[in-house]
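Below is one structure, written out as structure tokens; comments come after it.
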Amino acid sequence: MLQTFSYVAPDSRKDLLAILNKEGTRAKILAGGTDLMVDIRGGKIAPAFVVDIKKIADLKGVSYSATEGLSIGAVTTCIELVTDKTIVAKFPIIADAASRLGSTQLRNRATIAGNICTASPCADLSCAMLALGASVEIASMTGTRIVKLADFFTGVKTTVIKADELVTRLIVAPELVNAKFGMEKLKRIKGHDLSLASVAVVKTGTLLRVALGSCAPTPIVLPDFPANAPLASILEVAGKTIKPIDDVRASKEYRKMMIMTFIEQIILRL
Amino acid sequence: MKITLTINGREYTRDIAENRTLLRFIREDLGLTGTKEGCGAGECGACTVIVNGKTMNSCLMLAAECSGAVIETIEGESESGELSKMQQAFHKHHAVQCGFCTPGMIMSVKALVKKNPKPTVHQIQEAIEGNFCRCTGYTQIIEAVQAGTDQRDEQEELRRV
Amino acid sequence: MFENVPDNGLKYVGKGVDRIDTVEKLTGKALYTCDWLVPGMLFGKIKTSPHARARIIKIDTSKAEKLPGVHAVITGNELDYRMGLYLVDKHILAKGVVRHFGEAVAAVSAESWEVAHHAIGLIDVEYEVLEAVLDPVEALKEDAPLVHPDLGKYDHVREAFTPVPGTNIANRMKYRKGDLEQGFREADFIIERRYTNPSVQHVPMETHVSIGQWSVGDKISIITSAQSPFTVRNLFAHSFKIPHENIRIQIPYVGGGFGGKAGIHLEPLACCLSRKSGGRPVKLQATREEEFSLLPCRSGLVYNIKTGVKKSGKIVAQQMTMYWDAGAYADYAVNVTRASGYSAAGPYEIPNAWVDALTIYTNKPFGTAYRGFGHVEFSWGIERHMDLIAKTIGMDSLKFRLLNAMKPGSTTLTGEVISENTGNVTRCMEAVAESINYGQLTGAEKAREKKTGRKIGKSVVALHKAPAMPSFTGTSVILRMNENGSVSATFSLTEIGAGTYTSVAQIIAETLKFPIEKVHVPIEIDTNHDPYDWQTVASKGLLLTGNAAILAAIDLIRKAYEIAGQVLRASQCDLDHDGEKVFLKHHPAKFVPFSKLAVGYAYPGGNGIGGPLIGVGRYCAQGLSNLDKETGQGNPALDWTYGAHGLIVEVDPKTGAYTIIKVASAFDVGRAINPAAVRGQAIGGMIQGLGTAMFEGYYYDRAGRLLNPSFTDNKIPTSLDIPEEVDAIVVETPQIDGPFGARGVGEHSMIAICGALGNAIEKAVGANLTHMPIRPQDIWKALQTGAKPDSPGISGDVVNFAEAPLCSTRRDSGKHKKR
Ligand SMILES: Cc1cc2nc3c(=O)[nH]c(=O)nc-3n(C[C@H](O)[C@H](O)[C@H](O)COP(=O)(O)OP(=O)(O)OC[C@H]3O[C@@H](n4cnc5c(N)ncnc54)[C@H](O)[C@@H]3O)c2cc1C
Ligand code: FES
Ligand code: FES
């Protein structure tokens, strides 16, 4: 990078949190770097410290327990999500979403926590994780807290995390294990592109949940529907909730139409 | 800071600037200029190298992160003095025009074939979607990968009517 | 030349031999300018304008100058040079005013990229923002601000171009053929519509990069990623009033050009920085973002076409008005306007025609040459229009095209008569039509429609293009024989990826009757050592350089025979040769090997004769003329390469999403010197054309700031964006003055594919589009409203200015009246 900064790579959570605590906003966490490096290069941010969290062993790994559900370590990469046996077997929507993110090179780097912390309205994993009703575990020197992902985003590219905090893992409760799912992502090209509108749906015997991307300042989730909710009522709620924008990527009308079309396609499929 | 890493089987220890990208480290500090920069922003794949077995955009990585890593670049492909099988296929099938995307492309293809020795056309397309090529229109690259994986012999014909 | 040599007598010409440059490229050993380091080299960075049009009130460079590691900071104030290919209108750094977003206003050289970058951030520029002219049609209004108030004072090439001082018109071209009014009177239908497309970036994978050194005694040395070494030298010499021989241009491997590297770009600034840095070499490299706005793009176009046609389908009159949105500087755009003007109707004969083509200044990044040189842009309009006419008069659109196609005896817009040897556009159309089963859906296609719920449409379009170049364009080739009897060829075309070097090597091997392994063609160019070539543009390289190569080979053999004749004590007419030796025809056992002749023959006693063998070939375009300024009549075309595309698309009528199932492309290349390379050009250009057709293009906000100067929002086709199937076809009608009958095809594959896509989409779902790129949302919108879509889907703060004039005037589908 042409910008100068110091690189630190603590190998324990404790050291990391101490650095964050000390440096505050002067420090930025580096996971896969696929957003962070782009932002530094573009002059959007200018951290004095880039804090690599990939050397911390307990931020890695995927596990499942019947009580807590699925736990995904912060630095789990998209490629790991795509190939992880537990995820593919129990929560395939995560693998599906991860497989849609960027190109192979990016998927080999980009992490789940990075995707969520970037808090882009078009983040693919965020959308899927919202549909799963995921929670985010956040740590700081003062302790750990758990926040529902639905409450995590506060605006375009802003979240509830404070400068001294770290996302340590994502948790998906066991209720939605083996749920049916569907996901669609609108792109400008058939190759890798950011989402212009996306829909992720999960469905169990009793519940149907719809999360939407690129149609509001943050990824959003609609209130839960009963499994047998009529399509029309889902579309109505969606139509009232979304506020897509016009920009160089797409018009708001087209975004809206595609969201509706995707919802319909997925619901009819499930 | 000091890092030690392995590139194309050779170990390097270097004092580096902490903001050095892996791409610039490889190109400017080690003089391995085969790896290219096309955007510096993770989009084009010209900078693709293989890090611990996986392709990555070296423009978005710091050299500092790579201490201990095992890295493969285009320069490692023909160290024996001969083109690798895949390079030969690219040569035979006119899969190279200006050549600027080629090193990154070869890296992506190498990683693909290691995992999947007989990729389908669609799998080839997916494996190189992160490697932009402005010249070839990809067709002859895909054909070369098929040839390099023993799924095609002859050059596809230009039809004369 | 040698156009009638039968195929079976040829060893290399016509064979898909391996390229001579790929091994270096495949192993990472090919050095591009971006890879070069020169001892003592400094690193340069450029401060660019955030405004489209503004007065520069003050530039404070003091903080930057004080930064340790900075060697020089320069601004426009201290540089009094103007550059320009045809119209000298551009300062090296903005002087007093900025004329487009991204324009260079100051530059720095420093000991590292980091320091240079930091220093740029320390330069403060105070601007007074002025109202910008962003729409080319609005720019013609009397009260429009002038982008260049001093236009009347600018030097320009008077024989070819006509700027209109006091306006924003950088060049006005007129073409007049037949009697337009009479033609319209004879017409049964008159059909008029307007077509638009935005500016587009070339996107070579290697961005522009130059290393410049200005040493004592005005000795200039430049290593650069340029397409045209001698043009860089010539323009540099003129602007800086430095003798040509003082200037050395070296071109290493080039990572793509597509026209964007044809003129002179970063070279002067790198050299000025070097001069101010005590003569140390300075490297400047555009970032990808700078590539989009600091460096040139392709002009946008608003194209109005009004056609008179008989019930029989014969076109009798056509009036064409082109508003080229050149951006802030004329660069190649004035010549794009000229060349597009004389091709403006496509490969169709129009007995009575008017073309008015204007190059218009606006406050946007400027346009330059881009593969197709205007033809991609206007072919969008022409080919959409051809379908509109066919639909209106109730005729099949392929039949309609074939009826009006150029044939032997037809005349072009400038009065050139087409002959049997010009090429065969009819055959191209028929070949692609057959390849895609034009006019019907196959059983498999019907089944596919049923399965997907999508609709399939097919189209055939045609195209032509001639090189746009000075009437006396010349080139040269030198062939030197090496000690072992092999030859090394030098010439100054640049190998920007098209494979021309391999084709020229094949031509040399064929002419010499040498094995191709004995023909060496170094890729790098150096104007200090290599002979002149005008530029690597216009698809003229193979024809002109190929001919010069043949002449050089003949010359080399003649000189070898001169000496061999003495050695063998025979007259030259009794000699023959193969790849190894010159021998007596009637007594082949008497011979002298080339290796003995190569650098001077030594008799057994030690006496020498001959000296090193060098063959020289030079070739100049023949029979071309300037165009009459009032009527455009004359002969500008070295050769016409014809072609056609057939396209099958599948469209979702609900969302507008589409997939291209197949593209078949056919070109009359005269002779395919290297079929594999021709196929590469055919497919590569076609996909690049599809990029333009499907999603590429610039978006601005109302203040003229470019909104998408990066790959994040300026997509190019990836490996997943190609058609499911491609078919590359050649027709071979030999070009009489082409090497072995060949003509150029580098650009043609990109032309008209946009129209093919638009027409096939209309056939599939009825979306009536007049603006490209064609995004699914545009199709959807067109189907929603039954009308033309808005400016690319953008409202609020963003508009596409090429499109804007349509809002008030003709914005719905073709208005036509029946008489
Ligand atoms: C070319 C390109 C294409 C892309 N395509 C897509 C796409 O298709 N879909 C998509 O969703 N995204 C896409 N992205 C965006 C990006 O790749 C993803 O958002 C990715 O998941 C980010 O993860 P990362 O590990 O690289 O994050 P980083 O860049 O390392 O971090 C991102 C941000 O999160 C912070 N952060 C990271 N980890 C933590 C943590 N554990 N706790 C607190 N803060 C943290 C960082 O400080 C930074 O601000 C693309 C990016 C590029 C460059
Ligand atoms: S240079 Fe790294 S992805 Fe383009
Ligand atoms: S060969 Fe030129 S970019 Fe791929």
Side-chain angles (χ1 to χ4, degrees), chain B residues 17 19 24 27-28 31-41 43-44 46 73-75 77-78 83-84 87-88 90-103 106 122 124-142 155-161, chain C residues 16 18-19 21-32 34-35 114 202-207 253-258 287-288 427 431 435 496-499 666 672 675-680 682-688 710-712 716-720 722 726-732:
Chain B
N19 63 345
R24 286 189 57 203
R27 285 176 53 79
E28 298 175 28
L32 299 174
T33 56
T35 307
K36 304 297 185 211
E37 172 169 339
C39 69
E43 300 273 358
C44 77
T73 72
I74 188 69
E75 283 86 356
E77 284 313 277
S78 47
L83 295 185
S84 69
Q87 285 172 318
Q88 279 175 28
F90 269 60
H91 184 50
K92 273 264 156 301
H93 289 263
H94 280 238
V96 179
Q97 290 190 20
C98 82
F100 205 76
C101 69
T102 309
I106 292 280
H122 191 70
I124 299 167
Q125 285 174 292
E126 286 193 321
I128 61 171
E129 81 178 285
N131 293 83
F132 292 175
C133 174
R134 191 56 153 172
C135 300
T136 62
Y138 305 100
T139 304
Q140 283 159 311
I141 295 177
I142 295 165
Q155 244 181 25
E156 193 70 26
E157 285 289 315
L158 174 74
R159 276 214 297 133
R160 296 175 134 128
V161 299
Chain C
D18 295 344
R19 286 178 60 129
D21 54 345
T22 42
V23 172
E24 289 77 5
K25 291 172 177 177
L26 276 162
T27 50
K29 293 296 185 293
L31 291 179
Y32 298 74
C34 61
D35 301 325
E114 285 80 358
H202 309 73
V203 190
M205 288 319 297
E206 177 198 36
T207 58
Y253 284 76
V254 181
F258 312 111
T287 61
R288 181 55 65 188
R427 192 74 202 90
S435 176
I496 51 177
V678 170
R679 188 163 169 269
I683 298 173
M686 181 268 288
I687 303 288
Q688 197 168 16
S710 76
F711 286 141
T712 314
I716 66 167
T718 72
S719 52
L720 287 163
I722 63 178
V726 294
D727 186 12
I729 305 165
V730 286
V731 174
E732 296 178 284

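Residue numbers begin at 1 in each chain, while the letters A, B, ... track the order of the sequences.
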Response to the item:
Heaviest contributor of heavy-atom pairs below 4.5 Å to chain B, chosen from C/D727, C/T287, C/V254, is C/D727
Worksheet item: Taking the side chain as C-beta and beyond, is there a heavy-atom pair between C/T22 and B/Q87 under 4.5 Å?
Response: no
Worksheet entry | Intermediate values then yes/no, side chain to side chain contact (heavy atoms under 4.5 Å, CB included), C/R288 and B/C44 | CA-CA 10 Å; C/R288 181 55 65 188; B/C44 77; over 6 Å; no
Practice prompt. Just jot down the salt bridge (charged side-chain N to carboxylate O under 4.0 Å, His left out) partners of B/E129, sequence neighbours excluded, or say none.
Written response: none
Worksheet item: Where does C/T27 contact chain B at under 4.5 Å (heavy atoms): side chain, backbone, both or neither?
Response: both
Worksheet item: Relative to chain B, which segment of C/A677 carries a heavy atom at a distance below 4.5 Å: side chain, backbone, both, or neither?
Response: both
Practice prompt. Report the option among C/L31, C/V726, C/V23 that has the most heavy-atom pairs separated by less than 4.5 Å from atoms of chain B.
Written response: C/V23
Worksheet entry | Heavy-atom contact with chain B under 4.5 Å, split by part of C/V731 | both
Worksheet, complete the sentence: Output for pair (B/Y138 OH, C/T718 OG1), nearest 0.5 Å, gives 5.5 Å
Item to complete: Kindly compute the distance separating OG1 (B/T136) from CD1 (C/I722), expressed to the nearest 0.5 Å.
Response: 8.5 Å
Discussion item. Is B/I142 close to chain C through its backbone or its side chain, or both, or neither, when contacts mean heavy atoms under 4.5 Å?
Written reply: side chain
Worksheet item: Given that the side chain runs from C-beta out, which part of C/A672 has a heavy atom under 4.5 Å from chain B: side chain, backbone, both or neither?
Response: both
Practice prompt. Report the C-alpha distance between B/E156 and C/R679 in whole Å, list the side-chain angles of each, state the deciding distance to 0.1 Å, and finish with yes or no for side chain to side chain contact (heavy atoms under 4.5 Å, CB included).
Written response: CA-CA 9 Å; B/E156 193 70 26; C/R679 188 163 169 269; 3.0 Å; yes
Item to complete: For the residue pair C/P675 and B/R160, establish whether any side-chain heavy-atom pair is separated by less than 4.5 Å.
Response: yes
Item to complete: Hey, could you give me the CE/SG distance between C/M205 and B/C98, rounded to the nearest 0.5 Å?
Response: 8.5 Å
Fill in: Residue part contacting chain C, namely of B/K36, when any heavy atom lies under 4.5 Å
side chain
Item to complete: Side chain from CB out, backbone as N, CA, C, O: work out which of these in C/T712 comes under 4.5 Å of a heavy atom of chain B, or both, or neither.
Response: both
Worksheet item: Say you draw a straight line from CD1 of B/I124 to CG of C/L720; how long is it, rounded to the nearest 0.5 Å?
Response: 11.5 Å
Worksheet item: In Å, rounded to the nearest 0.5 Å, how long is the span from CD1 of C/I687 to SG of B/C135?
Response: 12.5 Å
Worksheet, complete the sentence: The interface call for C/A728 against chain B, heavy-atom contacts under 4.5 Å, is both
Worksheet item: Which one of B/H93, B/H94, B/H122 has the most heavy-atom pairs closer than 4.5 Å to chain C?
Response: B/H94
Worksheet item: Using non-hydrogen atoms only, which part of C/E24 is less than 4.5 Å away from chain B: side chain, backbone, both, or neither?
Response: neither
Worksheet, complete the sentence: Heavy-atom nearest pair, B/G38 first then C/T207, reads O-CG2, 4.4 Å
Practice prompt. For B/P103, enumerate each residue passing the side-chain contact (heavy atoms from CB on, under 4.5 Å) test, keeping only those at least two apart in sequence or located in another chain.
Written response: B/I74
Worksheet item: Hey, are the side chains of C/S435 and B/R159 touching, using non-hydrogen atoms and a 4.5 Å cut-off?
Response: yes
Worksheet entry | Under 4.5 Å from a heavy atom of chain B, the part of C/F711 involved | both
Discussion item. For the OG1 atom of B/T35 and the CG atom of C/D35, what is their distance to the nearest 0.5 Å?
Written reply: 9.5 Å
Discussion item. I'd like to know which of C/A676, C/G255, C/P204, C/A666 tops the heavy-atom pair count under 4.5 Å against chain B.
Written reply: C/A676
Discussion item. Counting heavy-atom pairs under 4.5 Å with chain C, which one of B/I106, B/I128, B/T73, B/L83 comes out on top?
Written reply: B/I128
Worksheet item: Any sub-3.5 Å donor-acceptor pair from B/E77's side-chain atoms to C/G28's backbone N or O?
Response: no
Practice prompt. Against chain C, label B/E75 side chain, backbone, both or neither, depending on which of its atoms sit under 4.5 Å from a heavy atom there.
Written response: both
Practice prompt. Select one option (side chain, backbone, both, neither) describing which atoms of B/N19 are under 4.5 Å from chain C's heavy atoms.
Written response: side chain
Discussion item. Using a 4.5 angstrom heavy-atom cutoff, name the option from C/P717, C/A498, C/A431 with the most pairs to chain B.
Written reply: C/P717
Response to the item:
Tightest non-hydrogen contact, residues B/R134 and C/V203, listed as CG-O, 3.0 Å
Item to complete: Evaluate side chain to side chain contact (heavy atoms under 4.5 Å, CB included) for C/L26 paired with B/Q88, printing each intermediate quantity in order.
Response: CA-CA 9 Å; C/L26 276 162; B/Q88 279 175 28; over 6 Å; no
Fill in: B/Q97 side chain reached by C/R19 side chain, heavy atoms, under 4.5 Å
yes
Worksheet item: For B/E126, is it the side chain, the backbone, both, or neither that has a heavy atom closer than 4.5 Å to a heavy atom of chain C?
Response: both
